[in-house]
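Predicted model only: the values in this text are computed from it and were never measured. Worth knowing before you read on, the calculation uses all heavy atoms, side chains too, and leaves out hydrogens, waters and symmetry mates.
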Amino acid sequence: MTDVLVLVDQINGEVKKPAAEMLTIARRLGTPTAVFIGPGAETAKDLLGRYGAEKIISVSDPAATEHLVAPQAEILAQLVEKTGASVVLIPSNSAGKEIAARLAVKTESGLITDAVDVQAGESGPETTQSVFAGSWTVRSSVTKGAAIICVKPNSATPEQAQGAGELEEFTPEISEQAKAAKVTASEPKKQSGRPELTEAAIVVSGGRGTGGDFSPVEGFADTLGAAVGASRAAVDAGWYPHSSQVGQTGKQVSPQLYVAAGISGAIQHRAGMQTSKTIVAVNKDEEAPIFELVDFGVVGDLFQVLPQATEAVQGKKG
Amino acid sequence: MNIVVCVKYVPDAQSERAFTEDNTTDREGVDGLLSELDEYAIEEALKIAEAGEGEVTVLTVGPDDAAEAVKKALQMGADKGVHILDEAIAGSDAPATSLVLAEAIKKIGSPDLVLTGMASTDGTMSVVPAMLAERLGLPQVTFASELTVEGEGVKIRRDGDSSTETIESSLPALVSVTDQINEPRYPSFKGIMAAKKKPVETWGLSDLGVDAGQVGQANAWTAVLETTKRPPREQGEVVADEGDGGTKLAEFLAAQKFV
């Protein structure tokens with residue numbers, strides 16, 4: 001069986017949900033080895049083992065995380081050489097894609113990003129991606145080097161399967177060149193306590209129709225345990241932070257349920273949510289293009305409809 | 001400060017985009033334009049150049065029509081253009097594209113700063129900037145929503161999910177910018193007239209010392225197995241709110257087991 005390296009998605013040692021999804025995918029392709037860069041591998045060990053990691057390679061050299069992505073690409077390149085891994089799975093977020101890009105050039109390996117499914121094929125992994133604002137589906141494979149694949153959140157249902165979970169420390173060689181860029185200040189954002197936008201099973205988004213008042217959107221989201229998103233119009237107006245923007249120049253989400261409130265549904269927005277499983281919209285304008293996509297729509301004022309729906313959902317939950 | 005801005009000519013996102021029979025992006029059947037996200041990089045380069053001394057070179061790789069992307073950048077105010085045009089490049093993947101760009105940048109001369117947009121609006125992989133930085137041996141600071149050149153270095157602000165970061169890097173460096181960084185200018189009449197006299201060089205692979213066997217669809221490091229157009233979503237029930245729209249919405253969600 002071939003070794004599959006999985007770069008563990010984590011923030012300050014806290015393992016994020018996509019890590020379990022990616023280990024589940026890794027088991028389809030070979031023997032999963034989790035690569036944990038940064039402090040906290042000892043704590044994460046049990047969880048990673050539970051999802052099938054046979055080995056956990058910990059890299060705790062602080063230089064690995066202080067200098068953006070370049071050192072992490074060097075570490076993975078060294079590990080690909082050391083383990084002979086033929087597949088590397090990396091989270092398909094902005095940092096992950098940059099690490100993967102550098103790794104691909106370093107190891108002369110093909111790179112596929114934004115995979116929403118990965119299956120074992122006859123000659124290596126076969127991936128599925130959604131392109132052109134979700135209007136086309138593309139299946140691809142890597143033809144050179146190790147298969148470097150960036151996997152989006154929600155691409156697999158995490159399945160437990162106990163692996164040996166053996167922890168080992170790896171001391172990388174990080175070049176001076178890789179240390180040229182450095183994070184010199186970091187100001188944490190206020191945490192909403194809601195799920196992360198790209199990982200959430202339900203997303204409720206607000207747009208121009210909120211007029212800047214997101215309280216009905218947030219209220220409905222909280223009843224459903226959902227993340228809150230925003231359209232570009234709402235972000236450009238300064239009503240909601242850019243990190244919550246759903247769309248071509250924001251986040252691409254693919255939840256089980258997407259609720260668009262007061263969003264017309266321009267191509268810019270559709271590019272970020274069109275592949276959601278179920279789509280619901282509330283909009284005053286019956287001509288709004290968003291209604292072309294919906295499984296259920298309400299033509300009405302979101303300030304009336306959402307609070308009533310919030311109350312009804314609470315009632316049903318008892 | 002000499003700046004190279006990499007730009008891409010893409011199919012208009014507003015049009016019906018598709019793949020051709022050989023599974024490459026259809027660039028003939030749709031209108032093309034300078035990728036909207038690249039305009040922010042051009043604007044930022046112009047602002048930096050205007051604040052001091054220096055030259056802005058705009059660089060593109062693409063078919064004949066890609067010259068339009070260079071033209072638009074020159075109309076906005078870039079000083080000169082370079083268009084890498086070679087039939088062998090068609091169907092190239094990101095590693096090959098970054099190789100061509102890297103060799104072109106070396107030929108242009110070593111710039112202090114390479115600027116790019118945050119992604120193209122067609123491929124949207126966002127990997128070419130990092131690959132290019134790797135090939136040029138440059139640090140890369142990406143997704144800048146604010147950019148300041150300070151002495152020998154560059155400082156950017158990046159709005160992440162959990163924090164807002166300040167990132168510093170030595171120069172030369174590669175920086176990609178988001179659509180939050182500025183408001184790109186429209187070409188003025190004067191700019192449009194001036195652009196006609198600005199130098200544009202067109203280079204082929206042989207000018208860059210790149211072998212045709214390193215680029216193109218046949219030499220890509222990945223292969224597209226299949227492209228399928230997704231069936232349009234079937235419109236479900238749309239009801240007018242008659243005082244019970246919220247209740248009906250909740251009933252739908254309950255029926256779908258979301259509640």
Side-chain angles (χ1 to χ4, degrees), chain A residues 11 70 94 97-98 101-102 104-106 109-113 126 132 134-145 177 180-189 202 224 242-243 248-249 257 267 278 280 291-300 304-309 312-313 316-317, chain B residues 13-14 17 19 37 94-95 98 118 121 125-127 130-131 134-135 137 139-143 159-170 173 178-180 220-230 233 235-241 245-250 252-254 256 258-259:
Chain A
I11 291 182
S94 52
K97 290 206 272 189
E98 290 171 22
R102 282 187 175 257
V105 171
K106 275 183 204 298
S109 299
L111 164 64
I112 293 167
T113 66
E126 294 180 0
F132 296 157
S135 61
W136 284 74
T137 302
V138 173
R139 283 179 53 246
S140 311
S141 66
V142 167
T143 52
K144 187 164 193 286
Q177 197 186 320
K182 191 172 163 79
V183 177
T184 53
S186 180
E187 195 184 314
K189 285 195 175 153
I202 303 180
L224 295 169
H242 182 247
S243 54
Q248 179 156 37
T249 56
L257 170 65
I267 181 81
T278 299
V280 166
F291 285 126
E292 292 163 16
L293 306 176
V294 298
D295 296 284
F296 188 80
V298 180
V299 181
Q304 305 293 328
V305 176
L306 289 187
Q308 188 182 64
V313 168
K316 284 182 197 299
K317 285 203 289 198
Chain B
Q14 304 290 345
R17 293 178 292 178
F19 287 99
L37 293 169
S98 67
M118 61 188 276
T121 56
M125 287 175 79
S126 280
V127 296
M131 287 182 173
E134 177 69 29
R135 291 193 186 276
Q140 113 226 19
V141 280
T142 48
F143 298 98
D159 287 318
D161 290 335
S162 52
S163 60
T164 299
E165 295 172 324
T166 306
I167 298 163
E168 291 179 45
S169 168
S170 54
T178 73
D179 59 343
Q180 304 294 302
W221 296 355
T222 52
V224 174
L225 304 169
E226 188 183 36
T227 55
T228 341
K229 193 164 168 51
R230 270 173 94 96
R233 292 187 80 103
Q235 190 181 25
E237 192 186 355
V238 177
V239 300
D241 179 27
T247 312
K248 282 185 173 162
L249 174 54
F252 171 81
L253 296 182
Q256 301 287 318
F258 287 116
V259 178

Contact part of [X] toward chain B, heavy-atom cut-off under 4.5 Å: side chain, backbone, both or neither?
X: A:V138; value: both
X: A:Q304; value: side chain
X: A:A104; value: both

So which atom in [X] and which in [Y] form the shortest heavy-atom distance, rounded to 0.1 Å?
X: B:S126; Y: B:F143; value: OG-CZ, 4.1 Å
X: B:D241; Y: A:G300; value: CB-CA, 3.9 Å
X: A:W136; Y: B:K229; value: CE3-N, 3.5 Å

With distance as the sole test, does A:T143 use its side chain to make a donor-acceptor pair with the main-chain N or O of B:A220 at under 3.5 Å? yes
Contact leader toward chain B among A:V142, A:L257, A:T113, where contacts are heavy-atom pairs under 4.5 Å: A:L257
Looking at A:I112, A:I267, A:I202, A:I11, which makes the most heavy-atom pairs under 4.5 Å with chain B? A:I267
Given that the side chain runs from C-beta out, which part of [X] has a heavy atom under 4.5 Å from chain A: side chain, backbone, both or neither?
X: B:V259; answer: side chain
X: B:A94; answer: neither
X: B:L249; answer: both
X: B:M131; answer: both
X: B:A173; answer: neither
X: B:Q180; answer: side chain

Side-chain contact, heavy-atom cut-off 4.5 Å: B:K248 with B:E237? no
A:S109: side-chain hydrogen bond (donor to acceptor under 3.5 Å, both in side chains) partners, not counting sequence neighbours: A:T107
Residues which pass side chain to side chain contact (heavy atoms under 4.5 Å, CB included) with A:Q248, listed by chain and number, not counting sequence neighbours: A:Q268, A:A271, B:A13, B:T121, B:T124
Criterion side chain to side chain donor-acceptor pair (under 3.5 Å) on A:T278 and B:Q256, from CA distance to verdict: CA-CA 9 Å; A:T278 299; B:Q256 301 287 318; 4.6 Å; no
